[in-house]
Chemist: 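Could you have a look at this structure, given as structure tokens, before my questions?
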Protein chains: 2
Amino acid sequence: MQQPMPIVKQASVMVIGGAEDKVHGRQILTTFFQRSGGTEATIGIIPCASREPAIIGDRYRTIFADMGTKQIEVLDIRDRSEGDDARWLERLAHCTGIFLTGGDQLRLCSLMADTNLMHTIRVHAQLGKIALAGTSAGAAVMGEKMIAGGGSGESPSRALVDLSDGLGIIPEILVDQHFHNRNRMARLMSAVAACPDRLGIGIDEDTCALFEADGTFQVIGKGTITIVDPQMLAHTNYTEVEPNAPLSIHNLQVHVLCPGDRFNFRDRTLITS
Amino acid sequence: MQQPMPIVKQASVMVIGGAEDKVHGRQILTTFFQRSGGTEATIGIIPCASREPAIIGDRYRTIFADMGTKQIEVLDIRDRSEGDDARWLERLAHCTGIFLTGGDQLRLCSLMADTNLMHTIRVHAQLGKIALAGTSAGAAVMGEKMIAGGGSGESPSRALVDLSDGLGIIPEILVDQHFHNRNRMARLMSAVAACPDRLGIGIDEDTCALFEADGTFQVIGKGTITIVDPQMLAHTNYTEVEPNAPLSIHNLQVHVLCPGDRFNFRDRTLITS
């Protein structure tokens, strides 16, 4: 396969909590545009999470065109078999930035998981050849494990969260989005009890975890990012109880990060400036 | 002042997350009845948090009478000056259990704080001469600092929580109630950032922290209790930022406890059975 000539200034994976500003300062989307190479970028938009892919694809196309992107591809894949299609792989080869829109994370995974297209995106993102961003459903899929759905307004329990497989861009993280906006702390803690080898990351709306190649991420945007780290987990009854039973989860480390804060997600330490 | 003859079997303070079962198993209320001395108890009901104190007072009177309590007093104080009234102090002297109902915690504090009645209740509870229980607003007042109100569905911020002074029964705790039911994790974390010398305790509905004289509490009821411990707090921007700005709160220890779990709130350790 032909390799793209990377013109990305600084490789990064951007995990966005949904509802990012599309009208005013557009801080998060502008950062993605810049990380993709600015006016020299070729941006690929993947609207597959949405049930209205043409509409949402056009919406982002307009935004990135407004910023000055000359080359924009909407990879509007409607059938799983298209993910191995040479036509899409060729277009992908020219992309310096890929943007995964919101919608339904299960829909996105069912169309994209284990396709050549997704494999290429993952490798290019991990090698820093492209900037990759995902918002809402497009953020949920970033880990190897994914929160597919769940509830709020109840005690933490196994039934409060539905887990499935994500796209594994950053395997070790377990992402939740629209985080405090939709009151998802109880479901993220429940998810982390199920997957204590992962790092829970709850991202508020219009807020982004900007992952760099050095194993750190920085918070940008308007809200907070909540880290739920089960590294020191002392006990959970997760595997022993009925789905609706209240959970016991002992010794989580929790950090609330505001814009400007940085976190090393490999050694799980805060970087104070 | 004449001291009551304590017939309490095992002194305790019960902090209840609201909406405790009043109809079926009544586990929490039955525990309070037993801790107050069972059929030999004299139970005092303080309905001052409520705007309908006569109705709520009668409701609990009926429940405790059904259980077999022979002596029940409703201390329906409508004016702050009554809190120093010899008539109420005399009735209190005979009580072996005191129950604080729900309603508005600011109303309860404005009627009861710094009265002789409240002083006597606090001393008797701390000496283990009475069993003391509070539900919802009656739970919120247990600490020296109190969450008076706040919001949910937003990033943690100073504006997300209103703090004031509680009744200081267990000074070191900062209680939130209806906890996961009303999605209050963001407000409790915000409160703990403001009061890092306290221990945040979020109690779900129909769930109770049963504090014993040995510095431990046990979880009883149906839901979870969430401990937010800022003992190891590494950094917060709480004192530096605007009220609506997102907070940075680094290094909280969080435990989700289910019924049966025990926690030592003095040395902040979990007790595994």
Side-chain angles (χ1 to χ4, degrees), chain A residues 17 151-157 160 178-190 192-193 202-207 219 221-230 232-237 241 244-261 263 269-270 272, chain B residues 17 151-157 160 178-190 192-193 202-207 219 221-230 232-237 241 244-261 263 269-270 272:
Chain A
S152 66
E154 291 174 38
S155 306
S157 71
L160 201 65
H178 303 277
F179 189 66
H180 286 301
N181 315 82
R182 297 189 188 171
N183 293 306
R184 288 176 164 175
M185 187 67 177
R187 96 176 191 181
L188 183 58
M189 291 195 297
S190 303
V192 159
I203 307 176
D204 292 347
E205 293 179 357
D206 198 16
T207 307
V219 183
K222 290 282 189 294
T224 60
I225 291 181
T226 304
I227 304 284
V228 180
D229 181 356
M232 309 294 278
L233 184 78
H235 166 74
T236 179
N237 61 354
V241 293
N244 289 300
L247 287 178
S248 188
I249 316 168
H250 297 178
N251 217 26
L252 298 170
Q253 281 179 287
V254 172
H255 312 291
V256 178
L257 310 180
C258 75
D261 282 352
F263 187 78
T269 52
L270 290 148
T272 45
Chain B
S152 66
E154 291 173 38
S155 306
S157 71
L160 201 66
H178 304 277
F179 188 65
H180 286 300
N181 315 82
R182 297 189 188 170
N183 292 306
R184 289 177 164 172
M185 187 68 178
R187 94 175 192 183
L188 182 58
M189 292 194 297
S190 303
V192 159
I203 307 175
D204 292 348
E205 293 180 355
D206 198 17
T207 307
V219 183
K222 291 281 190 294
T224 60
I225 292 182
T226 304
I227 304 284
V228 180
D229 182 356
M232 309 292 280
L233 184 79
H235 166 74
T236 179
N237 60 355
V241 293
N244 288 300
L247 287 178
S248 189
I249 316 168
H250 296 180
N251 217 25
L252 297 171
Q253 282 179 284
V254 172
H255 313 290
V256 178
L257 309 181
C258 75
D261 282 351
F263 187 77
T269 51
L270 291 148
T272 45

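So that the names make sense, note that chain A is the first sequence line, chain B the second, and so on, each numbered from 1. Just so we're clear, the structure is a prediction, and the values are computed from it rather than from any experiment.
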Chemist: So do the side chains of A:M189 and B:V254 get within less than 4.5 Å of each other, counting heavy atoms only?
Modeler: yes
Chemist: To the closest 0.5 Å, what do you measure between NZ (B:K222) and CG (A:N244)?
Modeler: 13.0 Å
Chemist: Have a look at B:S155 and tell me which of A:D204, A:D206, A:T226 forms a side-chain hydrogen bond (donor to acceptor under 3.5 Å, both in side chains) with it.
Modeler: A:D204
Chemist: Relative to chain A, which of B:S152, B:A193, B:P156 shows the most heavy atom pairs under 4.5 Å?
Modeler: B:P156
Chemist: Please classify the contact between B:L270 and chain A as side chain, backbone, both or neither, with a heavy-atom cut-off of under 4.5 Å.
Modeler: side chain
Chemist: Once rounded to the nearest 0.5 Å, what's the spacing between atom CD1 of B:I227 and atom CG of A:L252?
Modeler: 12.0 Å
Chemist: Can a donor-acceptor pair be found between the side chains of B:N251 and A:Q253 at a distance below 3.5 Å?
Modeler: yes
Chemist: Under a 4.5 Å heavy-atom cut-off, does chain A meet the side chain of B:N181, its backbone, both or neither?
Modeler: both
Chemist: Is there a side-chain contact between B:H250 and A:V256 (heavy atoms, below 4.5 Å)?
Modeler: no
Chemist: Please identify, among A:P259, A:P246, A:A234, A:A186, the residue contributing the most non-hydrogen atom pairs under 4.5 Å to chain B.
Modeler: A:P246
Chemist: Quick check: closest heavy atoms across B:H180 and A:E154, and the distance to 0.1 Å?
Modeler: CB-O, 3.1 Å
Chemist: Among all residues two or more places apart in sequence or in another chain, which pass the ring pair (Phe, Tyr, Trp, His ring centres under 6.0 Å) test with A:F263?
Modeler: A:F217, A:H255
Chemist: Of the backbone (N, CA, C, O) and the side chain (C-beta and beyond), which part of B:N237 lies under 4.5 Å from a heavy atom of chain A, both, or neither?
Modeler: side chain
Chemist: Is A:C258 close to B:L247 at the side-chain level, that is, under 4.5 Å between some pair of heavy atoms?
Modeler: no
